[in-house]
Structure formats: structure tokens, C-alpha cells
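Within every chain, numbering begins at 1; the chains are lettered A, B, ... in the order of the sequence lines, protein sequences first and strands thereafter.
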Amino acid sequence: GSSDGDDGASTDDGASSDDSASSDDDAMAEDEGDDAVAEGDILTGLGVDAENKVIRVGLNADLSGTFAALTTVIVEGQQVFWEKVNAEGGINGWTVEPVVLDNAYDVPTHLENYDVMSGDGAESVVMLTNSTGSPHTAAISEALVDDDLLAIPLSWYSGWTDPTIGQNVFEVQANYCIEAMNGVTYMSEQHGNKVAIAGFPGDYGEDGSLGAKVAAEALGLEIVYDGQAQVIPGADQTPIITGIVESGADFVWLTTGPGQTAEIIGGAAAGGYEGQWAGNSPAWNPALLGTDLGPVLDASYTHSTYTTLWGIGDSPGMKDLIDTMRELRPDAIADDVYIISWIEGLIAQQVLEQAISNGDITRAGVLAAANEIEVDLMGLAPNQSWGGEPNDSIVRGTYLYDIDASVFTPDGTVTDDDANRGYTLLEADYVSPTAAEWDYEPCFKAE
Amino acid sequence: MLEIANLEVVYNEVILVLRGLSIEVPDGQIVALLGANGAGKTTTLRAISGLLDVHEGAVTKGSISWNGEAIAGKKPSEIVRSGITQVMEGRRVFAEMTVDENLTTGGFTIKDKAATAASYDRVMELFPQLGERRSQTAGYLSGGEQQMLAIGRAMMASPKLLVLDEPSLGLAPMLIEQIRDIIVDINKSGTSVLLIEQNAMMALSIADYGYIMETGKIVMDGEPAKLLADDDVKEFYLGLHSGDDTEKKSFRDVKHYKRRKKWSS
Amino acid sequence: MIRLDRDNVPLLFLIGALIPTTIFLVIQAVNDPALFLETLIKALGLGAVYALIALGFVLIFKATQTVNFAQGALAAAGALFVSFLVADEHIPFTTVPNPLINIGPEWLGWGLSVLVALIFAALLGLIIERITIRPMVGEPLFSVAVITLGLEIVLRVFNNDTVKTEFRALEIPWGNGGTTVGGAFINYSVIAALITAVVAFVGVFFFYRSKTGIAMRAVAFDQEAAMAQGINVGRVFAIAWAAGAVLAAIGGIFATQPPVKQTGAVEPETANIAFRALPAVILGGLDSATGALLGGLIVGLAEIFAGQYAAGESDWLGAGYPVIVPYIVMIIGLLVRPYGLFGTPEIRRV
Amino acid sequence: MSESGTPLLELSEVTLRFGGVTAINDVSFSVADKELFAIIGPNGAGKTSIFNTISQVYRPQEGDIRWRGDSIMGTRPDRIAKLGIARTFQNIELFPQMTVIDNLLTGHHVRMQRSWLAGALWFGPAKAEEIASRRKVEDIIDFLEIGRWRKHPVALLPYGFQKRVELGRALAMEPELLLLDEPVAGMNLEETEDMARFILDIQRELGISMVLVEHDMGLVMDIADRVMVLDFGTKIAEGTPAEVQNDPAVIAAYLGSEFASTSEASKT
Amino acid sequence: MFGRPNLYTSYEQESQIFSTWTQKVLAAFGILLLFLLPFDIPAITTKIPGTGWLADIPVLGRVFSWSIGDGIPLVRFLGDADWLRPMTTVFMLAIAALGLNILSGVAGQVSLGHAFFMGVGACTGVFLGGESSEALYGLGLPIWIWLPGAGIAAVLIGIIVSPVAVKLRGLYLAIVTLGLVFVGIHLGNTSWGRKIAGPPALGRKYPELDIRLWKEEDPLINVSDDGRWLWFDVTDAQKRYLLYLVLAIAFAFVAKNIIRSRTGRALQAIRDRDIAAEVMGVPEFKYKLIAFAISSFFAGVAGALFAALSGQILAEAFGLFLSVEFIAILLIGGAGTTSGTLIGTFFVVMIPQFVEEITKWLDKSEGPIGGTVGELILTDGSGDLGVINTSTVTPGWTLSVFDWNIVLFGVLIIVFLIVEPLGLFGIWVKVRNYWKRWPFSY
Ligand SMILES: Nc1ncnc2c1ncn2[C@@H]1O[C@H](COP(=O)(O)OP(=O)(O)OP(=O)(O)O)[C@@H](O)[C@H]1O
Ligand SMILES: Nc1ncnc2c1ncn2[C@@H]1O[C@H](COP(=O)(O)OP(=O)(O)OP(=O)(O)O)[C@@H](O)[C@H]1O
Ligand SMILES: [Mg+2]
Ligand SMILES: [Mg+2]
């Protein structure tokens, strides 16, 4: 974890001058945080503007790349979250300023942004509340450890819990692998024991496919078609469709993107396949209900995810989210991913609260605080803590929803009372026996 | 009538090529424009037909008017429609297209189908060699055949003013004679002709009026008879060496030093 | 008799590869005729969509000698226009309701709206041509090609991020419905694509024999000489781009339908149809309408058949191998004919 | 120097067809050392095609071409250049974006040895060779009086000078035989005289043999040693200028009435 | 010599890259500056009065805020972490671009497959230099093997595809090479491809840049950790910068030599007139092959450096966009010239940085100029006139700053080619010609 106290907390040789020249304009403020300064009783460092009592958190997010449609909304939601927090007086009087940089879903750009956030300039931060993408987060994970920074990845890869990086990369919610175990278990209970699997290659796709296989083995299901790592975005999916149709599976577990989900389900339906479908959370997009496939999906798809969804349930977190959005962004479309924004925000808020009460908001201090607490996600999702063993910090509960076109309000705004993107809850915080017993190990290993 | 007055043309915003050039082509006449390589003949022609743009050139001074209307700055297509057609230097046939298709493009501006057909027959009559290669790809024609095609293509537009940039380039002696007759023919049928030629003898033999240009300016003009009588024209354009000796000198005896021309002093 | 010299080797190779393939396919056809027929029809449908996109490429190439790399973005934009007019029922970029959608029976209103969408596509093509291509008259062709790459980048951002192209339905009246013939399921949109491709092909084919068509080619080969013939190069460019954009839009609409996609909705990926169709254009020959049609069909057949019958081999072929099948077919084709099957060879002569 | 008896270049019964067109039909001729041999004939007679067969851009279907007694049929064009056959082209084929110097240096390419790897490192042999070549090329530039253009891209040069540069590029190849395709087309008399002077100097002082294709009969008849006349790809006459000039077949097919009247030009 | 200011006294002098004294001094100064750029060098210790407003200007302000504030001079601005990596990227991309310039700019063989060859280099690098495990291949060899090896492997692959490539012309070639890019990314999905490049969408760790004699523990020269070089404290990022700078200079020198020597002329001749070139004694096939090989070598090495800079290899990174970026570099810089290529690379990499700086500045500034302009073009999506949206989601028809960055890249390519088809180099030539009045007086 937080090893040798390097540039973060200690005073090093650099220009440690706290000369009176600091009365300069904005641009000057940046070299203030060059080293640890005691402000009142609180130890501050890089990423903090002690004079104005501002703490900066970073979002290294995809705002113009492959997942921009999704990520921009999440980032916007988190900005709303901080607006609210700051309006209510901040965290013990400290204002939180989100620094948003676009990684364009590109690893070199992610690294460039990370250099900025981990540096000592005006955009340095104490933690990253969003680090979009798996290869991207993997590329910075070692640096996070070196820099005493923590990051919340927008990626549910099962490897983040790894002890070497798990105290810096905060996996939030169940991972793809656990999700698939739960999903396959649930589906087999409902629909039968012949399962087909199809997914992308790589961390996401193969994590999900492997999770499905683990569950299938534990439950004694028959894997009639194995499409692990076979689905390639942009390619014609005929081989997979052919495979699924010929397999005669009772249900199919997909770890794909919405486009491929539609492609495969539509193709299989045209080929006469009549089984059921389910998949990891990213495989679904409610907009699909508005397409020609709407009826098929309504009848046969089960959506799995890690959290409660917009307007479903009456947890305090959901109430807070909806109220805040209604107040600050009344025109925004009601979107389930705001829940992710809120979860990221809640984690950062509670971590910073702890750090302030510890009297240390240097990077190392924040990191230490984060590993001390259990965050309360206010019913939006299972609570979580990271400090202990991997097995203790893994979340094992997921949520399952039935897709229901009749409750689908396509462009419902946050002020709509019955804004619903087409879900009815089947199971909340569902933990399958396989998932409950799972001993930590990355399902999909790169090395 | 085409009138060019005090024309100045600059390439690439730095290279001044025409320095106050003035030329007139009265209706129904053949006017010859002679000059050394690089004098700016082709540039003059580009200015007339509006093609300077393509070469990063621009008219910076002076005027060009066609039947009283200023045409500098107009689009090439408009200029062609107003009756000026040219045979471009270096043939410029559409290499990938057949002979027939090349001729079709020549008649692009003519709507009247019968007129087009008539022009086509005329071209075929004038250049029987083209007739034999009608559907052959133009790029594989010999140099001279391409030249014929270029002239034929221009004739398809039945222009009021035909501008020819070195039509005799690369043609066999017999064909040069033919071309000369063709030009006279075309002229007789009412088309004015501006003829740019290196073959001064041929050009002056049919022209009504002649200009001689050097480095962007007209240095001498007049009736062919007057030009032919000039010593410098005789020496530098006709190869008839000075004085009473009207015998053409052999190339083997060409001196290794040159006499200065009086106009370039 | 075929002599074995350097030029014949690829040809022999091709024949050598075709014979076992044919035998394999014949066996498959006998084995399961319904599946074979279904695959064949699907392949023809995909081929028709490729051919439509390819025709758009050819049209623009024939006038400008450049490949329009923005064709994909134009396809997506065209499909978006339809989605605006039909699903959202208003005129693009405004809140003005689309009055046509309620005229007559559903299919009529839809058809009229599509027509309007195509007009919008043509306008978009014209605007793009006017702003970015017209100033390049007389400039090096490769620069123009790269301009279209720049256009692709810009248009894509507008398509994806401004409009948020997330599964916007086109509400095609027949949806992904179809009929069953001889045990094979045929999507109506496959039939529609085939008919449209043939109609477009015939149109383009005859256009090239007209005077304007010849003028267009003249412009492509030598802009200056064409101007000197009185051809209005700007007008020719405009016609080509407008027509190219319309063909792209038609291709884009079909690219959301079976057999290409099942959803009948525009998504960011719709724009990729152009890159998928590029091999078809090159295989057929960049400047040949016939080539576009045949190239499209060949590539479509190769892709779908490979996807259907080589599915078992995907481990060593690599998952998603159908994406690169078109490129492989293209490279083999070019080995035999460097200018594609029907392309005009450049005149090289001294 | 070739041994007496073997001509420098010899074409025997060469026939070249393009589909239905017979561009060259059973043509034989030979060029001796230091000779200036001219080929004339109507447009499309096959003159340029003969050049193209000699440089092996076209492969004739029949016949044989020998260089110093050895057949060069099937040799690649760049090998032909290396043997010592240089040429100019009917439609200027300079490298338009390169400067005059670079065009000439490219001509000298065949006489340079250093590989691309030596060039990449520059220092040492490659540099020495570059500078030596540059010296040779400067001599040619002086000889052709194009010094003032040396650093201009050739595309911007007036036509006449481009023709000169093309001649210079061919000379830079240090050839033994030079093929000139219409070197004075498009030139006025003054420039034609210059070009004639260069051609004669090349023949006399450098001792290079030449084959000349030209429609300017004044020039051809004055400077050629021997003339061959082609019509429709077939040889119709060969001999000294005087013989050819008075051959009725040649007059009918090519010269026309006008040529006979060169001497009476003043009458017009 | 025709009224030129530069009079040469020998062909030898004229043949040098920097042929006059002024040029030599300027070049030496420039290179020295590049070497010093990443370091902080305190020099001016007092503030300059009346220069406060300088700090208000984007980009420049970053520079001046230092020199005004703490008396640290101009060169400090790269000391900021956020400028160091982009500059290192410039050097790395410049190597690849120089290679493509020889193939496309000089020899006229337009290739959209440059990213593919970079990918080949990157994969070879990780195969030779990476550690093996049950899921991955790797030989763990030192950098002096894997870096050149990356180039050589790319050359070998280049030679394999050249029989097709050499036959093709113009856009046919461009599209076939584009196909290579797709094929290359696809190979990452095969069972053996992922053992080299790592699994798709996750990638694999790249070998470090440390220079070792063989596989021993302690590197000869440590590049991957902070440390002391001579009398400087150097961070790993600065070390990498210096390493890449040295490589870029070496490759630029080689590229320039190739272009100005016999080979370069032969390539240009083929570009301009292939048949004529052949008749002049330049074997077309051989030289196209050489051009392909050289370009692939540059690409291969650059590809390995690309992945090393990320610390990670990912097959998807070597996609079409990268290839397009190179074409943009060549065209913006001016195809065919070495200096143009270098300028073009700098421009293409740095433009997004500048755009970001400027929007940030506009967003924050309140002053008379910045404030008004900011208000005019920025919007928070509330329906005012602005076209640049400062929020991340973009309601309505405005684009976010991040989208604008991409749009601007596209627009820049378009505008550049329309305004100056010869690129930055063309602009430079024009400016120079005004002064030299070349070649005619006007
Ligand atoms: N595009 C161009 N850019 C720069 N200079 C040019 C351009 N075109 C021509 N020039 C220059 O303008 C001058 C005149 O050229 P022009 O072609 O008009 O001459 P010309 O009289 O037709 O010569 P020729 O008899 O050789 O055809 C020449 O010196 C030439 O170098
Ligand atoms: N590559 C080719 N393909 C088809 N036909 C050709 C080709 N090259 C030449 N020809 C034909 O061969 C004949 C001879 O052409 P060539 O160019 O040799 O004539 P030439 O004697 O040089 O004529 P000119 O004096 O007009 O240049 C012409 O009829 C021409 O059309
Ligand atoms: Mg001229
Ligand atoms: Mg000829």
C-alpha cells in the first residue's frame, strides 16, 4: 500500500518557499500545494488548495471516445453531486472541485491526463473518482501505487481486487465474473439447464464468460455453445448466431455490447431460436426497446446489473439522487447511470470526510482514510470497504430485472414520476451460492 | 473582337510574366502571336480562357474584353460558352478516354445535336487517321495523332474565336500544310483565329496581322509583310541571315556566338 | 494453354483456391439446401448493400478521382435524417413537425419522408462539396482524399455526440419481417436492397453513357483540359457529390436493416459500413459501376459464406474473422488485376 | 570502340503489334559508332515505338535488337540504361517536382555505385561520390547553358529549356548512344539553332552516336549522316539526306510539296 | 550565382544539411534547447515589473507565469509533467512520420498502413523483450535487441506484402494498406496473436527501456526510475524524453541523408515519372522495395517506442486513426521534406493541447478580451449563442470542448489543405521567397 513517504507528504528539496509572492493571480495558486502544509490542524499536500479550502478530485473519463455516450452522463452526474455537496457547505467546510479530463478512450491520452492529475499543477488531485476503461486503468495502476493515489475504475474487471493494486484501485460493486455467476444461476433456475455463452474477447467479455462457466460447472449445467471471446464488434456475427441457433440452448449468457446483443438476438430470432437471453450489465441499452427488436427483447431478455435503477425502490440514496437532479438539472433525461455517478461521489465524499477528521488530506492521508472505512451507499447498492483481504472487499450481490416494454418511457426526464427505462425488479442484492463461495482470483488473467 | 490591354499576369504572387501586354483580334481575322520560349504566349492564352487560377496565376492589371464585355475573372466554362475555344499547349487529350469520347467533350457546350453531328463529320473528314482509331484509347495514339485530336476537339465547339497554342507541334511537314489550310478554312467560315506558333513562316503566311512578343511584352507588330521585311524577324524567326542573302543557312554553319536583337537592348 | 509466367501465377493460384471452395459449397448445398439457400440470399442482400455504397464511391471517384472517405459518415447522416423525419416526426435540426408522415397510409407517409430525407442528404452533399471540395479544384488529388478523411472525422463527431446516435429507429414499415421460401427465411429488406441496387446500377450505368457522364469522366482525368472544353467543373463536382451522398444515404438506410443489422436503427457503427464496403469498390475497380455491383456481390458472398461455413474454424482464424474476409478477397483480386476487375488502368506511356 | 564490322546498335526484322495495330513492321537498320542517324516519317509511323523497343519499354513480338553484337531482347529498361543507351522523350518526361540539378543527378544515377545504406550514413564514400557527380553535372549544365535555372523545379521552366534539361539528363548518364525524340519540336528558329549546335557538339566532341527523330526537315537534312523513312511502321527508304529527300515515295508519303520549297521560302 | 544571398564556395559546403554558419548556429542552439527543455534552470531571480498581463495569455502564460513569478526562465514549461509526455510523443511519432515521408512523400507510394507496421514493431518488441508466462510469449531480451528487432520484423513483413504493394498505384495502394490495418487488429483476436500482444481490450505490459547488456538484474543505464545522470537529477519521464530525443535526432539525420543522396533522387524520380525513371536506369521494383523497407523499419522502431511510452501494448491502439494522423502530419508539414515532417508532427500532437489551454483560459478569464470572447463562444448549454459547451453532456446542438478537440483536428486538416496545399513547409517557402524575390523579380 502506501509505502515510502515520497513527494506526497514529505518536504523535499524543491522550491518549498512559502514566500509572500503567493498573493499573485489564479495561475499562481498551483505551486502552493507543492509540499505538505499544516493548515489549522490539517495536513495538506498536492491536489489541495489549502488557502481557499479546495480539494480537487479527478475524473479521467472518456468524453469523446467509444463510450462517450455513457461516460459523459456519468461525469455530468458526478458534477451535479459535487454541486450539491458544495452548496450544502462542502465537506467540513472544504469545497470539492472535480477536475475533468477527456481520455478519448485512448491509453496514451489517459496517461497524459494522469500525468497532469498526479503532477503538481493547477489540476493536480488527491484522488481519481473516475478512471474510465480497463487497459487505461491498468496502465496507471502501478503509478497509482507509487503516487499514493486512489482511483475508482469505471470497469468491473475481476482483477482490480488484486492485493498488489487493490488498495489503490477501488473496484466498486460486483465484478463481471461474479455478476455472470449470479445471472447464470438465476437463469438456470427459471429456464433450464442448457446454456450458451458468447462474449467479447478481453477483460470484460472473458471475465463474464468465465464467470458463466464457473457457475455452469458448479450447477452441473450443460454448456451447449461456447462463444467466449468470439464476438467482435463491427464484425458480422453469423458464426455466433449459427452456433447458438444450432445449440438449442435454454438460455444464453451474453457479455457483449448493446449493438452485438441486438445483432445476435435478432439474428437468432430470425433463425428460429426461441430461448431466453441475459447478459452482463454493459450488454444492455434501454434504447434497444425502441427498435424493431423491441417485442423480442421484451419477451426474452433479463437484465443484470450491480445497482438499483432509476426510480426503483425507495432507498434514501435514490431519493437524494432524484431530488437533487430535479432541483439542479430538471431537463435531464432520467438515466440509470446517474446512480453510478452518485456511488462514485458518495465514496469520495465519505473518504474525504474520514481524511479530514483524521487531519490529513495529503494523498497518502486520503488513501489511508479510504482503506479504513466502510462506505455507506445509502441503499443504491451494497455497501463496501477495501482495506482488508480481497475476499472481504469483493461485493457478491447483483440485481436482476425483467425487461418490460410496457413501463418503458423513452425520454422521461428526471421530473417524470414514472420515468422508467423499461425494468421491473426481479431480484435485489441477489447472491448465488457459487458467488458466495468464490475465493478471490481474477477470473480472466492477462499474464 | 478580342481586345487585351496592358495585361499584367503574376504567378504564385511573385513571378511577373506578362508586363503590360496589348493585343487585338478583330472579327474574322487570323492574328499570329510569335515569341521565344518563355515569352508568355501560353500565359496570355490562359488569361484569355480563364485558366490562370489552376496555375496559381492571376491578372493583376489590365483588361481583356470580348465583344466589348470584360471576361477577365469569368469562369472558363462561361468563356467557352461565349464562343472562345482553345487548343491547349501539349495536346492535353483525355488519355483514358476513347477518341470519340474526347470529341464529345469538345462539343459539350453545343446543345444542337445536328450541329454536333456535322462538326463531328467534318473532323473525321479532315483527319481520316482519327476515323480509323475512333474507339481507341486516346493515350495510346502517337504524338501527332493526339495533336490532331486536340484540334478536332476544339473544332467540335464551333467557336467564334479559336485560339491555337502551337498547333503544328510535332506534326509531320505534310500535315502542317494541311493544318494551315484548315485554319484558313475555319477562318473563312467566320471564326476569328488567334494563332500562337513557333513556325513563323507558316503562321505569317496565313495571318492578317502579327505580333511578336518577348519577355511578357509586345516588341513588334504589324502586317505580315512588314514583319517579314524586318531583319531581326528574318534572322531569328525565319533563319534567313542578314542583308541581301536570302538563302537559308545550314544548321551546320550556325555560329557559336549570337547577335543581339535590337529590341532586347 | 496458360503459360506459367509471372503474371499467371496469381491467376492459377486463384483458380486453385476456387475449385476446392466450390466443391465444398456444393457438398454443403446438397447437405442442407434450405440453409444454403438462406445463406445465399443473405449474402446477396449484404452484397447489394455493399454495391449501393460502392456505387456512391464510384460516382464521386469518377468525377474527382478521389476516394471519399467520408462516405460512411454520410451514410449514417442519411439514416439519421430518416430517423428524425420518421421516428421523431420532425424536420431535422428543428422542432417543426414533419407533415408528410401523416399523409395516406403508413407506408406512403414513410416513403415520402424517406424521399425528403434523401433530399436532405443531397443538400448535405452539396454543402460539403461547396465548402471543402470546390476550393480544391486543380489541386493534387491526394490532398482532396485527405480532406474527405478530415470530413469523416468531423461528421462522425456530429453524428455520434451531438445527435447521440444510440439506436434511433427508422421504423421501416416491414421491419425485420420476411417470408419463407423453400425452408429459407428471406427478409423483405434483402429483397428491397437487391432491387434498389439493381435500379441504382442501371441508372448510373446509363448516366455514364450520356454527355454529362462523359464530361464527368473528362473532369476526373484532367480538370484543366475539361475546363477548356467549357465543362463547368464545379457543377460536375456538385452533381457527383449530391448523387454520391444520396447513394450513401440509401446505403446507410439499408445498413440498419437485415442482413447487415437486425435492429433497424441507426447507431454509431452504421458509419462503418463504408469501410466494410471499400474492398468491394477496390475489387470491382474504383471507377466502374459494373465493378461496384459485382465487387459488392462477390465480397458479400465471401463474407457471409465464410461466416456461415467456417464458423468452426474461428479459433485459428481469429474470432470475428468475417470482418477481414473482404480485405483478403480484395488483395487476391488485386494480385490478378491491379486495377480491380473492371477498373480503367492508368495510361502509362512514354 | 566496337571492333570494325559490328555496328553499335542493330535492329533486325523487328515487328511490334498492339492488338490490331502494327506499329512497327519488319524494320531493320543499324547505327554505327559516332553516327548521327535520323528516323523520319508521318505521324503514327512508329518512330517513337522504335525508341520504346530499343529501351525495352515495349517488347517486340518478332525480330532482334543487338547492342554491340549482343541481343538485348528481354532486358529490363534500367539495364539498358546501364549499357549506355540514353534517351529523351517526345512529351517531356522530366521529373517535374525536382530541380534541374536533381534531374541531372538522377540521370547520373546509373553511373553511381553507393548503396542506399552508405547514403543513409552519408559520411565517407557516399559523400565523396555525391560531390564528384555534382561536378560532372555542373559541366553539363555549363555546356547546355542552363546555369541560371539550376535550382528551379523543372515544372516551372519554359518548354524549350525543359527540352534542354532533358538532353542534359540523358548526357549525365554518360551514354554511348543517345536517342532523341523530336528535340526541337515547339522551338523557334533561334532555339532550334542552339539545339542543333548542342547536338553537333555532342557528336563531334563527345563522340556519342545518336538516333534522331524529328519533323523539322531543315534540321534533319542538315545534320543527319543517314536517314531512314518509315510509313505505317514499314521502312520505305534509307540513305543519305540527299538521297532520301529526292525519293518520290518519301515525298508522297511524308515530305509533301512544301519541303521541296524550303529554299523558295522567301517567296511566300 | 544569380543574386542569392547564400553564396557557396564549394559543392561540399552546399551539400551539407545546414550549409551556412547562421544555420549551423541556429540548429545547434535549437538542439541544445531541446535537451534542456525538460529541466528547471533557475536563472532570472527578480520579477520583471509590468509584465503581469503576460501571465494571462494561454500557453505563453504558462511560460511567463514562471519567469515572472519565481524567476524561473522560459524553459521551465516542460518541467510540468503535462508537457513532457506530449513532447516525448512528438519524438516518437516523428520517427514513424519520417519513415512514412520517405515512402509516401518522397517515393509517392501513399500508405494508410503505417499504423500496422508500427503494430508489428510493437508486437515484436514485446515478444523479444517481454517476460513469458503461460498465457504470453516472451524472450526477455535486452533493449538493444528488441528495439532494432522491432524495426527488422516490420521490414520483413513489409517485404512479404510488397509484391502486391509494388504493383498497385495511387488510391488502390492506399486502400490495400488500409486493409492491412484491419487485418493487423484482427490478428490480435487469434489464439496466437493474443499470446504476443496480450488479450484484446486489456493488453500487456511492455518491457522497460533500461539498457542492459544481457538479462542481468542491474541495468547498465537505468531509464525507468528516477535517478542521477551526470550532475542532474533526472526523473524517469525526463530520462525517457532524452532517450527519445536522441533517437529522433538520429533517425532524422538518416532520413535526411537518404533523401538528399542517390537513393532519395531515385525515389523521387519514381514518384514523378515511373517509366521514365526506369528508362533513366532506376529500377522501379527495387527502389519501391527499398522505400517500403526503410519506411517499415522506421515504423517498427517507432511502434516499439510507442508501446514503451504507454508502458503497455494494446493491439487496438494501432488503428486507422493513427494512420490518418500520419497522413495529416505529412500534409500539414509538407510532404517530401524532412523539416516539414518534423514541424508537422509537432503541430499535430500539440494542437489539442493548445486548444484545451485556450478553452480553459477562455472559460476562466474575466478580462476585457478573454471574457467577452469567452462569453461569445462558450455556453453551459442554457441556450445562449455559444458553440462550445463547457459541460460534459451536450444538450442541444452544441458540442463539448472534448468533441471540439476532435472536430478541430478534422477541420484543421481540411482548412490547411484548402488554404495551403503544400503545408507548413509551403508557407515557409512562400515567406522566404518574398524576401529572396525568387526566381524572378517582381
Ligand atoms: N505555373 C507557373 N508558375 C510559375 N511560373 C510559371 C508558371 N507557368 C509559367 N511560368 C513562367 O512564365 C513564363 C512564361 O511562360 P509561358 O508558358 O507563358 O511561355 P510561352 O511563351 O508559352 O513559352 P513556350 O514557347 O515555351 O510555350 C516562363 O518563364 C515560365 O517559367
Ligand atoms: N501502347 C500503345 N498501345 C496501342 N497503340 C499504340 C501504343 N503505342 C503506340 N501505338 C500506336 O502505334 C502507332 C505508332 O505510334 P508512335 O508513337 O510510334 O508514332 P510516331 O511515329 O512516333 O508518331 P509521331 O510522329 O506522331 O510521334 C500509332 O498508331 C499509335 O496509335
Ligand atoms: Mg507556351
Ligand atoms: Mg512520336
**Message:** Can you tell me which portion of E/F416 sits under 4.5 Å from chain C's heavy atoms? Options are side chain, backbone, both or neither.
**Reply:** neither
**Prompt:** Between E/Y172 and C/Y339, is there a donor-acceptor pair closer than 3.5 Å when you use the side chain of the first and the backbone of the second?
**Reply:** yes
**Request:** Among C/P279, C/A319, C/P326, single out the residue with the greatest number of heavy-atom pairs under 4.5 Å to chain E.
**Result:** C/A319
**Asked** Is chain C contacted by the side chain of E/I327, its backbone, both, or neither, given a heavy-atom distance below 4.5 Å?
**Response** side chain
**Item:** Under 4.5 Å from any heavy atom of chain C - which part of E/L408
**Value:** neither
**Region of E/V183 in contact with chain C, defined by heavy-atom distances below 4.5 Å** = both
**Fill in**
Of C/V144, C/V67, C/L149, the largest count of non-hydrogen pairs under 4.5 angstrom with chain E goes to C/V67
**Complete:** Rounding to 0.5 Å, atoms CG (E/N189) and OH (C/Y321) come to a distance of 13.0 Å
**Prompt:** What part of C/L286 gets closer than 4.5 Å to chain E, counting heavy atoms only: side chain, backbone, both or neither?
**Reply:** both
**Message:** Any non-hydrogen side-chain atom of C/I147 less than 4.5 Å from a side-chain atom of E/I413?
**Reply:** no
**Message:** At a 4.5 Å cut-off on heavy atoms, which part of E/R194 comes close to chain C: side chain, backbone, both, or neither?
**Reply:** neither
**Complete:** Most heavy-atom pairs under 4.5 Å with chain C, out of E/A174, E/S191, E/G188, belong to E/S191
**Request:** Test C/Y327 against every option in E/L180, E/V176, E/L178, E/V181 by the side chain to side chain contact (heavy atoms under 4.5 Å, CB included) rule and name the one that passes.
**Result:** E/L178
**Message:** When you compare the side chain of E/I175 with that of C/M330, does any pair of heavy atoms fall below 4.5 Å?
**Reply:** yes
**Request:** Could you tell me which non-hydrogen atom of C/G318 sits nearest to which non-hydrogen atom of E/H186, and how far apart they are?
**Result:** O-CE1, 3.5 Å
**Message:** Looking at every non-hydrogen atom in both residues, tell me the closest pair between C/A145 and E/L171 and how far apart they are.
**Reply:** CB-CD2, 4.2 Å
**Message:** Does any backbone or side-chain atom of E/L331 lie under 4.5 Å from a heavy atom of chain C? Answer side chain, backbone, both or neither.
**Reply:** side chain
**Request:** Measure C/Q65 against the heavy atoms of chain E and call it side chain, backbone, both or neither at under 4.5 Å.
**Result:** backbone
**Request:** Answer with side chain, backbone, both or neither: which region of E/L112 has an atom nearer than 4.5 Å to a non-hydrogen atom of chain C?
**Result:** side chain
**Prompt:** Checking side-chain contact (heavy atoms from CB on, under 4.5 Å) for the pair E/L417/C/M136: CA distance, chi angles, key distance, verdict?
**Reply:** CA-CA 8 Å; E/L417 289 175; C/M136 297 301 284; 4.3 Å; yes
**Request:** Output the distance between atom CD1 (E/I418) and atom CD1 (C/I131), rounded to the nearest 0.5 Å.
**Result:** 9.0 Å
**Message:** Please determine whether side-chain contact (heavy atoms from CB on, under 4.5 Å) holds for the pair C/I153 and E/V407, giving the CA-CA distance in whole Å, both sets of side-chain angles, and the decisive distance to 0.1 Å.
**Reply:** CA-CA 7 Å; C/I153 293 172; E/V407 171; over 6 Å; no
